[in-house]
Amino acid sequence: MTSETNLYLPLFVLPFVAFLQSTILPHLEVVGLRLDLVLLTVISWSLIRGMREGMIWGFIGGALIDLLSAAPFGIHTFAMLLCGVISGVGGRNVFRQNLLLSLGITAVASVAYYVVSMLLLQISGWSVSWLATFGSVVIPIALLNTLSIPLIHRLVQNLQRFTGQKELSW
Amino acid sequence: MNCPPIIAKPVETGCCCARIVRFNALRSLSLRRRIHSSLFLDSTRLKGKSLLTIRLRSNVLTFLSLSAVALIALALHQNQKLQPVEGLVLRAFVPAQTMFSHLGQSIQDTLDTAHELRSLQAENQRLRQQTNDLLLSKVHLAEVEQQNLQLRELLDFKQKNPDYTVQLAEVIGRSTPATVIGRDPSNLVQSLLLNQGTADGVRQGQAVVTARGLVGRITEADLNWSKVLLLTDSNSRVNGLLQSSRATGIVAGRQGKLYLRYVPQGEEIVPNDIVVTSGLGGYLPKGLVIGQVQNVQQRDVDMFQEAEIRSFVDFSRLELVIVLQDFTPLQVQP
């Protein structure tokens with residue numbers, strides 16, 4: 001690792017992103033679905049800075065989503081933590097500037113995020129209609145997230161340069 | 001890596017001694033290089049391997065620790081033990097959330113203005129509004145008529161049974177207007193975040209309404225915030241009553257839509273009939289408008305009928321809502 005992990009940065013950046021997702025994005029919904037801005041930020045940061053920071057960002061981002069959501073606390077925290085791991089592994093093992101790779105990782109991480117969230121919701125006693133949710137929420141949202149990642153990735157790269165953090169390499 | 005110097009031993013073999021000494025020296029040098037290179041490569045490999053192992057171990061430890069915290073938090077939330085901490089953090093977030101909400105509203109207003117420039121759409125909107133208002137007036141009139149009928153029946157009942165004491169109760173009307181300051185950031189759950197909490201008398205289980213009908217119920221409340229699970233969420237269940245046939249069922253959300261389920265086969269469900277809360281269970285007041293029957297799904301092989309309901313509430317544009325705080329369930333006491 002060539003640069004130290006900054007733990008304060010996600011604590012400043014992610015609440016801002018979570019507020020945007022909760023207040024402004026609902027007004028900009030696409031066919032009733034809204035972009036997972038926090039998830040995309042976590043995936044993007046994880047691709048740039050590696051698995052360890054991806055996990056920390058995922059944990060904080062998920063906790064913020066849990067705070068603002070009516071779902072039981074911990075569900076999104078765990079799901080987004082896993083997404084940090086998935087993106088970190090993908091970003092570590094292959095050339096991370098590859099656009100196709102970013103798109104692929106985002107699609108996989110988005111689906112994993114929803115599957116884990118739904119599973120934990122069901123374990124917590126909430127009713128989940130798997131097939132219907134997959135068709136009307138998970139797949140369209142994964143597609144929307146995948147299409148939006150180039151833009152978000154660019155913004156996160158700028159943030160990373162602005163904050164003076166180096167891109168990690170193995 | 002420093003290697004000890006290799007001294008070529010002179011071999012006393014007469015005239016060829018000089019050539020043999022050189023040969024031995026060269027062989028030793030080559031050997032030395034091979035050993036050196038092999039050792040060096042091995043050490044690099046060893047160093048690289050141990051570094052990878054340490055980093056992998058560190059990542060696994062981080063993942064396990066964070067996962068443990070997340071899962072413990074989930075378990076604590078299930079036992080209602082995390083609410084104080086959650087409440088405290090969210091309490092601090094409410095001002096920022098409110099600020100962002102205003103910003104979102106401004107964006108919404110701008111978008112609305114752009115849309116409203118299209119005169120046809122505006123006209124259409126106005127007419128739709130008018131239709132809804134007329135429909136709601138009709139609903140209220142029908143509800144008053146039904147109530148009148150029921151009161152007459154009760155009066156009749158009381159006249160026939162003078163020994164019984166009949167006590168009627170209704171929504172007292174103490175309510176709190178609350179502003180929506182956020183929506184559920186997850187696409188899996190449909191809820192709202194309100195800027196009114198326990199300090200304003202908001203409690204878990206209370207009904208949230210607008211002039212157009214029922215919105216949902218409070219699922220969590222803290223000092224200055226509360227969360228509302230919308231009717232359209234797949235975990236929302238409300239006892240519903242068809243206004244004309246008085247058949248009851250359960251109004252449940254599914255993929256952002258509302259369905260009246262578990263209506264027995266013998267009951268009649270007519271399209272455009274109004275569904276109101278039945279008041280059964282005592283959690284919600286009776287007579288709150290839920291929506292209008294759109295289409296009926298009835299199959300002889302099923303035990304129950306189902307109907308899709310259209311709510312008069314636009315759940316995606318809620319700004320101000322009312323939290324019904326006090327109501328006494330309708331009861332008939334002997």
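Within every chain, numbering begins at 1; the chains are lettered A, B, ... in the order of the sequence lines, protein sequences first and strands thereafter. Because only heavy atoms are used, hydrogens play no part in the values below, and waters and symmetry mates are left out as well, while side chains stay in.
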To the closest 0.5 Å, what do you measure between CZ (A/Phe59) and OG (B/Ser65)? 9.5 Å
Value for OG (B/Ser101) from CD1 (A/Ile24), rounded to nearest 0.5 Å, stands at 9.0 Å
Look at A/Gly58, A/Gly125, A/Ser127, A/Ser129 and state which one has the largest set of heavy-atom pairs under 4.5 Å with chain B. A/Ser127
Looking at B/Tyr262, I want to see if its OH is surrounded by more than 12 non-hydrogen atoms of other residues, nucleotides or ligands under 6.0 Å. no
Any side-chain heavy atom of A/Ile65 sitting closer than 4.5 Å to one from B/Asp184? no
Student check: side-chain heavy atoms of B/Leu193 and A/Ser22 closer than 4.5 Å: no
Tell me, side chain or backbone of B/Leu66 under 4.5 Å from chain A's heavy atoms, or both, or neither? both
Residue-level interface, residues 70-77 of chain A with chain B, non-hydrogen cut-off under 4.5 Å: A/Ala70, A/Ala71, A/Pro72, A/Phe73, A/Gly74, A/Ile75, A/His76, A/Thr77
Inspect the surroundings of CZ in A/Arg154 and state if more than 12 heavy atoms from other residues, nucleotides or ligands are less than 6.0 Å away. no
Please enumerate all residues that pass side chain to side chain contact (heavy atoms under 4.5 Å, CB included) together with B/Gln190, with sequence neighbours excluded. B/Leu230, B/Thr232, B/Asp233
Out of B/Ile107, B/Thr219, B/Leu90, B/Leu188, return the one with the most heavy atom pairs under 4.5 angstrom to chain A. B/Leu188
Who pairs with B/Gln204 by side chain to side chain contact (heavy atoms under 4.5 Å, CB included), at least two apart in sequence or on another chain? none
Under 30°, 30 to 60°, or over 60°: which ring-plane class applies to B/Phe93 and A/Phe19, parallel, tilted or perpendicular? perpendicular
Is atom CG of A/Leu131 surrounded by more than 12 heavy atoms (other residues, nucleotides or ligands) closer than 6.0 Å? no
So which of B/Asn187, B/Val89, B/Leu82, B/Val189 has the biggest tally of heavy-atom pairs under 4.5 Å with chain A? B/Asn187
Using a 4.5 angstrom heavy-atom cutoff, name the option from B/Ser316, B/Ser191, B/Pro185, B/Ser106 with the most pairs to chain A. B/Pro185
Is it the case that the side chains of A/Thr23 and B/Gln97 hold a donor-acceptor pair, with the cut-off being a distance below 3.5 Å and no angle test? no
Pick one of side chain, backbone, both or neither for A/Leu37, based on which atoms fall under 4.5 Å of a heavy atom in chain B. neither
Check whether A/Leu25 gets within reach of chain B through its side chain, its backbone, both or neither, counting any heavy atom under 4.5 Å. neither
Going by atom types only, do A/Arg52 and B/Thr62 share a side-chain donor-acceptor pair under 3.5 Å? yes
Given the rule in the side-chain contact (heavy atoms from CB on, under 4.5 Å) test, do A/Val128 and B/Ser234 qualify, once you have shown the distances and angles that lead to the verdict? CA-CA 7 Å; A/Val128 177; B/Ser234 54; over 6 Å; no
Under 4.5 Å from a heavy atom of chain B, the part of A/Leu39 involved: neither
Residue pair A/Leu67 / B/Lys227: nearest heavy atoms and the distance that separates them: O-NZ, 2.7 Å
Measuring from A/Gln21:CD to B/Arg183:CZ, what's the distance to the nearest 0.5 Å? 13.5 Å
Tell me, please, which residues at least two apart from A/Leu82 pass side chain to side chain contact (heavy atoms under 4.5 Å, CB included). A/Phe78, A/Val116, B/Phe63
